[in-house]
Colleague: 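Dropping a structure here in structure tokens format, bear with me for questions.
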Amino acid sequence: MKSPLLSLPGAVPAEGVDEGVAAHYGDLFREQRALADGTGFVDLSHRGVVTVSGEDRLSWLHLLLTQHVSDLPAGRATEALILSAHGHIEHALYLVDDGTTVWAHVEPGTQDALLAYLESMKFFYRVEVADRTADTAVVHLPAGSIAPVPEGVVVRETPYGRDLFLPRADLEAYAAEVGPPAGILAYEALRVEQHRPRLGFETDHRTIPHELGWIGSAVHLQKGCYRGQETVARVQNLGKPPRRLVFLHLDGSEVHLPAPGTEIRVADEDPDGRKVGFVTSSVRHYELGPVALALVKRNVPPDAHLVAGDTAAAQETVVEP
């Protein structure tokens, strides 16, 4: 959905999966600094919004999600995954229960597939699933923000800030009240700095939660059965994931960032040698310079110097080998 905030001065539209909101408003680094300082907001109104209501909502979701939510207190934010039967990540949900309804925001364009799956699993449970994307806009307030939250608006409060489920009709008025706006590129730069994976960026068709450090934050290891649990338990108890997430400090002398999907090789080996991973997200950070997240093979030494395409990269461990 195209955000009305694209009409704000300086707004440059984002592309790809984030199409519909602003990439930036004219000054990428200023916008990053503002978010880091706890000021401004980010328009995430392109994200999908799904609700689950009914008295069985938490016990039912507990059966489907990787997270322990059967006793989730009202107002407590959490995140959860839906896995395939083979344990591969299919959906990531960022949710909160308001006492009567579970609200979740998801990656743009994934809500239809998510709703289809949830509807297929309702059976005789007393739950109602709804797509609220058309009438609800997600707005992010950074950690430390003192911006007011309108009465009645559902809030997900996390260490990284607050996600507001704002009536879409109120988006322009709220933006005028709590500005200045920061674009999705500023939000992404801080996400990469914080080593937080994103569905469709750090994941592919065979990604399992262990590879991205989602164990604990999105996957609870002491809950009951759910689809894909066998893979989670087997890797946790008997082995290691085949790949691991790393944070890359990129050579700042390069003009262009290595795009997602860029192959990674070990610098000391033949430049045409074996591929050991690929870039998943790359950004320009206001303090760190060019940085990236990447998936590499588990057996790549943590101290190995890497090359992303033609760009030298020093790695920082996110997921232990």
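Along the sequence shown, residues are numbered consecutively beginning with 1.
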Colleague: Please say whether more than 12 non-hydrogen atoms of neighbouring residues, nucleotides or ligands are located less than 6.0 Å from CG in L238.
Modeller: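 Yes, CG of L238 has more than 12 neighbouring heavy atoms, counting only those of other groups under 6.0 Å.
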Colleague: Is the backbone of N299 close enough, under 3.5 Å, to the side chain of K240 for a donor and an acceptor to pair up by distance?
Modeller: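 Pair absent, no side-chain N/O of K240 close to backbone of N299.
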Colleague: Considering only NZ, NE, NH1 and NH2 on the basic side and carboxylate oxygens on the acidic side, decide whether R227 and E90 come within less than 4.0 Å.
Modeller: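 Salt bridge: yes.
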Colleague: Would you find more than 12 non-hydrogen atoms of other residues, nucleotides or ligands less than 6.0 Å from E119 atom CD?
Modeller: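 Yes, the 6.0 Å shell around CD holds more than 12 heavy atoms from other groups.
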Colleague: Just wondering, do T158 and Y94 contact through their side chains at under 4.5 Å, heavy atoms?
Modeller: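 Contact flag for Y94/T158 side chains = no.
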Colleague: Can you give me the closest heavy-atom contact between H62 and S70, atom names plus distance?
Modeller: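 Scanning both residues completely, I find the closest heavy atoms to be ND1-N, 3.3 Å.
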Colleague: Could you tell me how the ring of H249 sits relative to the ring of F247: parallel (under 30°), tilted (30 to 60°) or perpendicular (over 60°)?
Modeller: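 Plane angle over 60°, so perpendicular.
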Colleague: According to a hydrophobic-cluster definition based on side-chain heavy atoms being under 4.5 Å apart (Ile, Leu, Val, Met, Phe, Trp, Tyr only), do L65 and L199 belong together?
Modeller: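 No.
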Colleague: Answer whether the closest heavy-atom distance between the side chains of H46 and E19 falls below 4.5 Å.
Modeller: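 H46 vs E19: side chains apart.
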Colleague: Look up atom OH in Y226 and atom CG in L83, then write down how far apart they are to the nearest 0.5 Å.
Modeller: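 So the gap between those two atoms works out to 6.0 Å.
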Colleague: Within the supplied structure, the quantity of interest is the number of heavy atoms (other residues, nucleotides, ligands) at a distance under 6.0 Å from K122 NZ; does it exceed 12?
Modeller: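 Yes - once you tally the heavy atoms of other residues, nucleotides and ligands closer than 6.0 Å, there are more than 12.
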Colleague: Tell me whether R132 forms a cation-pi arrangement with F165, defined as NZ or CZ under 6.0 Å from the six-membered ring centre and within 45 degrees of its axis.
Modeller: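 Verdict for F165: no cation-pi partner in R132.
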Colleague: Return the CD to CG distance between Q315 and D303, rounded to the nearest 0.5 Å.
Modeller: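 So the CD of Q315 and the CG of D303 are separated by 7.5 Å.
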Colleague: Looking only at the side chains, is there a donor atom on one of Q222 and H68 sitting less than 3.5 Å from an acceptor on the other?
Modeller: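 Distance-only check fails for Q222 and H68.
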Colleague: If I compare all heavy atoms of E211 with all of P242, which pair ends up nearest, and what's the gap?
Modeller: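 It is OE2-CG, 3.2 Å.
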Colleague: So do Y25 and L5 actually touch side chain to side chain, heavy atoms under 4.5 Å?
Modeller: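 Yes - at least one pair of side-chain heavy atoms lies under 4.5 Å apart.
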Colleague: Any side-chain heavy atom of V155 sitting closer than 4.5 Å to one from V96?
Modeller: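 No, side chains not in contact.
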Colleague: Please answer whether the main-chain N or O of T207 pairs with a side-chain N or O of T203 as donor and acceptor at a distance below 3.5 Å.
Modeller: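 Answer holds: no.
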Colleague: Short question: side chain of T39, backbone of A34 - any donor-acceptor pair under 3.5 Å?
Modeller: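 The answer is yes, because a donor-acceptor pair under 3.5 Å joins these two groups.
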Colleague: Might you confirm whether atom CZ of F278 has over 12 heavy atoms from other residues, nucleotides or ligands at distances under 6.0 Å?
Modeller: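 Result for CZ/F278: enclosed.
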Colleague: What are the two closest non-hydrogen atoms of G213 and S217, and how far apart are they?
Modeller: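 Closest pair (atom of G213, atom of S217, distance): O-OG, 3.9 Å.
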Colleague: Quick one, D43 with S45, criterion side chain to side chain donor-acceptor pair (under 3.5 Å). Give me CA distance, side-chain angles, the key distance, then yes/no.
Modeller: CA-CA 6 Å; D43 176 13; S45 62; 2.7 Å; yes
Colleague: Which heavy atom in V127 sits nearest to a heavy atom in V52, and how many Å separate them?
Modeller: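 Between these two residues, the closest heavy atoms are CB-CG1, 4.3 Å.
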Colleague: State whether the side chain of E31 and the backbone N or O of G183 hold a donor-acceptor pair below 3.5 Å, judged by distance alone.
Modeller: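 It does hold such a pair.
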Colleague: Scan T133, V49, T136, V138 and name whichever one has a side chain to side chain contact (heavy atoms under 4.5 Å, CB included) with R168.
Modeller: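 Output: one option passes, namely T133.
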Colleague: Are any side-chain N or O atoms of W60 and backbone N or O atoms of M121, one a donor and one an acceptor, separated by less than 3.5 Å?
Modeller: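 Pair found, side chain donor or acceptor close to backbone of M121.
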Colleague: In plain terms, say whether R198 and D18 are close enough for a salt bridge, that is, a side-chain N and a carboxylate O under 4.0 Å apart.
Modeller: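 Yes, this pair counts.
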Colleague: Can you check whether H86's main-chain N or O pairs, donor with acceptor, with T231's side chain at less than 3.5 Å?
Modeller: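 Judged by distance alone, yes, a pair lies under 3.5 Å.
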Colleague: For L115, what residues pass the side chain to side chain contact (heavy atoms under 4.5 Å, CB included) criterion, not counting sequence neighbours?
Modeller: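 Here the qualifying residues are V50, Q111, V129, D131.
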Colleague: Is the shortest side-chain heavy-atom distance between V106 and H91 below 4.5 Å?
Modeller: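 A side-chain contact under 4.5 Å is absent here.
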Colleague: Atom CZ in R162, atom CD in E157: separation rounded to 0.5 Å?
Modeller: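 It is 6.0 Å, given to the nearest 0.5 Å.
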Colleague: So, for P148 and E177, which heavy atoms are closest and what is the spacing to 0.1 Å?
Modeller: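 Closest pair (atom of P148, atom of E177, distance): CG-OE2, 3.3 Å.
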Colleague: Evaluate the criterion salt bridge (Lys or Arg N to Asp or Glu O under 4.0 Å) for residue pair D163 and R47; output intermediate values, then yes/no.
Modeller: CA-CA 11 Å; D163 298 335; R47 291 184 65 82; over 6 Å; no
Colleague: Listing request: all side chain to side chain donor-acceptor pair (under 3.5 Å) pairs with a residue in residues 279-293, at least two apart in sequence or in separate chains.
Modeller: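 Found R191-S281, E193-H285, E202-T280, E202-S281.
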Colleague: Is the number of heavy atoms from other residues, nucleotides or ligands within 6.0 Å of CG (D204) greater than 12?
Modeller: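 More than 12 heavy atoms, drawn from other residues, nucleotides or ligands, come within 6.0 Å of this atom.
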Colleague: Got more than 12 heavy atoms from elsewhere within 6.0 Å of CD, E128?
Modeller: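 No, not enclosed.
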Colleague: Drop me the distance from S59's OG to L72's CG, to the nearest 0.5 angstrom.
Modeller: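 One gets 12.5 Å once the value is rounded to the nearest 0.5 Å.
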Colleague: Any side-chain heavy-atom pair from V283 and L190 closer than 4.5 angstrom?
Modeller: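 No, too far: nothing below the 4.5 Å cut-off.
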Colleague: To the nearest 0.5 Å, how far apart are CD in Q229 and CG in L221?
Modeller: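 Spacing of CD (Q229) from CG (L221) equals 9.0 Å.
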Colleague: Strictly distance-based, threshold 3.5 Å: is any side-chain N or O of R244 a donor or acceptor partner for the main-chain N or O of T317?
Modeller: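 No; zero donor-acceptor contacts below 3.5 Å.
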Colleague: Between T66 and L81 (side chain of the first, backbone of the second, donor and acceptor by atom type, cut-off under 3.5 Å), is there such a pair?
Modeller: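 Checking the backbone N and O of L81 against the side chain of T66, a donor-acceptor pair under 3.5 Å is found.
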Colleague: Distance from L293 atom CG to L248 atom CG, nearest 0.5 Å?
Modeller: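 Interatomic distance, L293 CG to L248 CG, rounded to 0.5 Å: 7.5 Å.
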Colleague: Below 4.5 Å, heavy atoms only, C-beta onward: do D170 and P150 meet side chain to side chain?
Modeller: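 A side-chain contact under 4.5 Å is absent here.
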Colleague: Test L95 against T78 for side-chain contact (heavy atoms from CB on, under 4.5 Å), laying out the working first.
Modeller: CA-CA 6 Å; L95 52 88; T78 191; 3.0 Å; yes
Colleague: Would a 4.5 Å heavy-atom cut-off, applied to side chains only, mark I264 and P258 as touching?
Modeller: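 Not in contact.
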